[in-house]
2 protein chains.
Amino acid sequence: MAFSEFRPLDENSLIEYIKATPSLSSKIGHNYDGLKIKEVGDGNLNFVYIIVGPSGSFVIKQALPYMRCIGESWPMTKERAYFEAVALKQHGGLCPEHVPEVYHFDRTMSLIGMRYLEPPHIILRKGLIAGIEYPLLAEHMSEYMAKTIFCTSLLYRSTTEHKRAVVEFCGNVELCRLTEQVVFSDPYKVSEYNHWTSPYLDRDAETIREDYLLKIEVAELKSKFCERAQALIHGYLHTSSVMVTPDSTQVIDPEFAFYGPMGFDIGAFIGNLILAFFAQDGHAGQGNDRKNLFHQKFTALWDEHKNGSGEAYLPAIYNNPELQKLIQEKYMKELLHDTLGFGAAKMIRRIVGVAHVEDFESIKEANIRADCERRALELGKTLLKRRREFVSIGEVISAMKHIQS
Amino acid sequence: MAFSEFRPLDENSLIEYIKATPSLSSKIGHNYDGLKIKEVGDGNLNFVYIIVGPSGSFVIKQALPYMRCIGESWPMTKERAYFEAVALKQHGGLCPEHVPEVYHFDRTMSLIGMRYLEPPHIILRKGLIAGIEYPLLAEHMSEYMAKTIFCTSLLYRSTTEHKRAVVEFCGNVELCRLTEQVVFSDPYKVSEYNHWTSPYLDRDAETIREDYLLKIEVAELKSKFCERAQALIHGYLHTSSVMVTPDSTQVIDPEFAFYGPMGFDIGAFIGNLILAFFAQDGHAGQGNDRKNLFHQKFTALWDEHKNGSGEAYLPAIYNNPELQKLIQEKYMKELLHDTLGFGAAKMIRRIVGVAHVEDFESIKEANIRADCERRALELGKTLLKRRREFVSIGEVISAMKHIQS
């Protein structure tokens, strides 16, 4: 450890820190001539430095005890860096192809040293806004989600391992509470943080606050989010938590990670793809077959490990092909419904809640933006209220097209 | 602390221990003349001593690192005494009328000193077998369940408090695993521990192992048991965990306590009352209006605290009488279905699993016993598979009477 107590780094103290940290200095061959340092944290929360030297590179991410985008008036535990580091290591162990390697973690400094995702890696959301197609994205993201979610669930683990892991991530409650507020609560009540494309969506926002059925359904999802420790989820898997090139897909920023419902991750990702679709007038074909791939990969892992140490379905009771098929169908159907519910909640909150998405925000004309947002809102409300009537992602895509036309 | 390391007590070392422990010796006025000590542990797990002197009394319960009824060949953590003591104190704080007071806890010795439930207190199961009616039982048990369950849920608590509490009880995983095995697994597969009234029920036991729908439904309940941290439940709330007189109802033995689904406790209690009914040819009118009382008390607590610190349904979103009513109806309906599912699983496991109930075991003629058990099994299977079709306890009672007739 380079420093004995927490202090926010700047570019000068950063060099000092790297020199005192062998796991970092070795990455640049202990060579400080021609070292380039650039602060690039464009997210809402943290400081991110890219360090590039002639013989290597890495990234330093430091969490400060408040939200970067708002300042010291919105405190936020810097312990989130600890949960991010643990999640990166655990998910990285399960799916190293799609999670950047962690070189160094310093809990005192709330600091992670990790792989620099070099150009042409860009944030997926920006690629989608630019209309770039990523033919491998569905393959990669379904691989990432299936592996990380399956292998941290009771389909793969004993209940002893599971409860031990749950305990560790219960400590990340402060970030869970932020999600509870901005996803499940604020959009459904009057809140100083809410905003929307006004005046065009004033009535739409009001309608959401008056929709009993919507509020009843979102309460059920919130209960699941708070109570159901199903798997170690990323917790914030939107299209800005993914960096891509045409060949590479890397999932970053799991500081919201905890043991929660699987559908929250899948829903976050799909919900953000649907937002991209409505922002682009049909540009985002990306989403179309994603769930089928996830379904295939997840059930393939299940088949592969059905006689393993997972304790949800003991082989002595369920190891019969017909019964196994019925069990999987039921499990996957419920996971689809959770996914659609959580995905819908994420869509709604991005239109009438505190944090919006660049997909829509980059549409300059407010009336055009409002039309796109209203369509997404309409689908979100339908999915949240009637998610149990959907049996496939194909039906969701039909509903998207129906609203779009 | 009287001893610096764990040792099983006997009647001699017990006196030594009491003398060295002011919180216990004060209970008998430090008076050892005429002290009566009696070992009465008739349960499966622990040693229980009653200490009665001229000026006072108490009970000492000590957990040994194995199951008492089987011996050292079935190890079981003595840390269960810690979880029992914490649960007794927390539930006792919420409902002191129906939980015996803890005077002393010694974690090293896995030893609890607590109120002696003096005669005429008897185990409820024995009272029910003897055909005694307890007119206050429904009132008392619904009070106990409503208060302990409501006040440890997100209807009453913040998510911060909730996750902190969940963490503590995740440590009780070994006892949770015992439940997973004997309630949700063994009865549905061939297991050396299973037994039943043979040969009469041989075909019935086999039918259970071949019933796909039953096995699919019990897997869903097991997932809920393992994943859903809804409230601090007793974890073993059968009729042998309740001591009664006509005026007093005391819930004991919460060593299986953890954060799990509310319906597991209510179901355990109701399931055991239904077993008593089938063992008694209609003797147990006790159960008839219990759920209505629980429903009333639980929703009354909810109404009282709807503007409190509970975070499941924020007042700013849900504080509208009509919406509040809809939310409660949905919540209580789901709780009823969980209750019936878990209750059914508890009934089934008591007939074809490892541990049976005295209600049936005390029926000497095997063919008569088998007839009673088969009726209970039939109801258990119906409830487990079709629980979502029931809208009230009244309908369950009709189903009981229909099977009985």
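Proteins get letters first, then strands, A, B, ... in listed order; numbering begins at 1 in each. Please read these numbers as outputs of a predicted model, since none were measured by experiment.
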Q: Using 0.5 Å steps for rounding, measure from the NE2 atom of A:His162 to the SG atom of B:Cys170.
A: 8.5 Å
Q: To check you understand the geometry: which heavy-atom pair defines the closest contact between B:Thr160 and A:Val173, and what is its length?
A: CA-CG2, 3.8 Å
Q: As an exercise: rank B:Arg164, B:Glu174, B:Glu322, B:Glu168 by heavy-atom pairs under 4.5 Å with chain A and give me the winner.
A: B:Glu322
Q: Is atom NZ of B:Lys330 surrounded by more than 12 heavy atoms (other residues, nucleotides or ligands) closer than 6.0 Å?
A: yes
Q: Would you give the length of the straight line joining atom OG1 of A:Thr159 to atom CZ of B:Arg177, rounded to the nearest 0.5 angstrom?
A: 4.0 Å
Q: Where on A:Phe169 is there a heavy atom nearer than 4.5 Å to chain B: the side chain, the backbone, both, or neither?
A: neither
Q: Which distance, rounded to the nearest 0.5 Å, do you find between the CG of A:Leu155 and the OG of B:Ser223?
A: 7.5 Å
Q: Do you know which of B:Val166, B:Val218, B:Asn320, B:Leu154 has the most heavy-atom pairs under 4.5 Å to chain A?
A: B:Asn320
Q: Between B:Phe184 and chain A, with a heavy-atom cut-off of 4.5 Å, which part of the residue counts as in contact: side chain, backbone, both or neither?
A: backbone
Q: Side chains of A:Ser185 and B:Glu311, heavy atoms from C-beta outward: is any pair under 4.5 Å?
A: no
Q: Counting only non-hydrogen atoms closer than 4.5 Å, does A:Glu334 touch chain B with its backbone (N, CA, C, O), its side chain (CB onward), both, or neither?
A: side chain
Q: How many angstroms lie between CG in B:Leu314 and NZ in A:Lys215, if you round to the nearest 0.5 Å?
A: 10.5 Å
Q: Once rounded to the nearest 0.5 Å, what's the spacing between atom CZ of A:Arg228 and atom SG of B:Cys226?
A: 10.5 Å
Q: If I measure from the heavy atoms of chain B, does A:Tyr313 come under 4.5 Å with its side chain, its backbone, both, or neither?
A: side chain
Q: Relative to chain A, which of B:Glu227, B:Glu180, B:Lys222, B:Lys163 shows the most heavy atom pairs under 4.5 Å?
A: B:Glu227
Q: Look at atom CZ of B:Phe390 and say whether more than 12 heavy atoms of other residues, nucleotides or ligands are closer to it than 6.0 Å.
A: yes
Q: With respect to chain B, which residue among A:Ala312, A:Ser153, A:Ala316, A:Ala229 yields the maximal number of heavy-atom pairs within a distance under 4.5 Å?
A: A:Ala229
Q: Using only non-hydrogen atoms and a strict under-4.5 angstrom cutoff, which residues of residues 203-213 of chain B touch chain A?
A: B:Tyr212
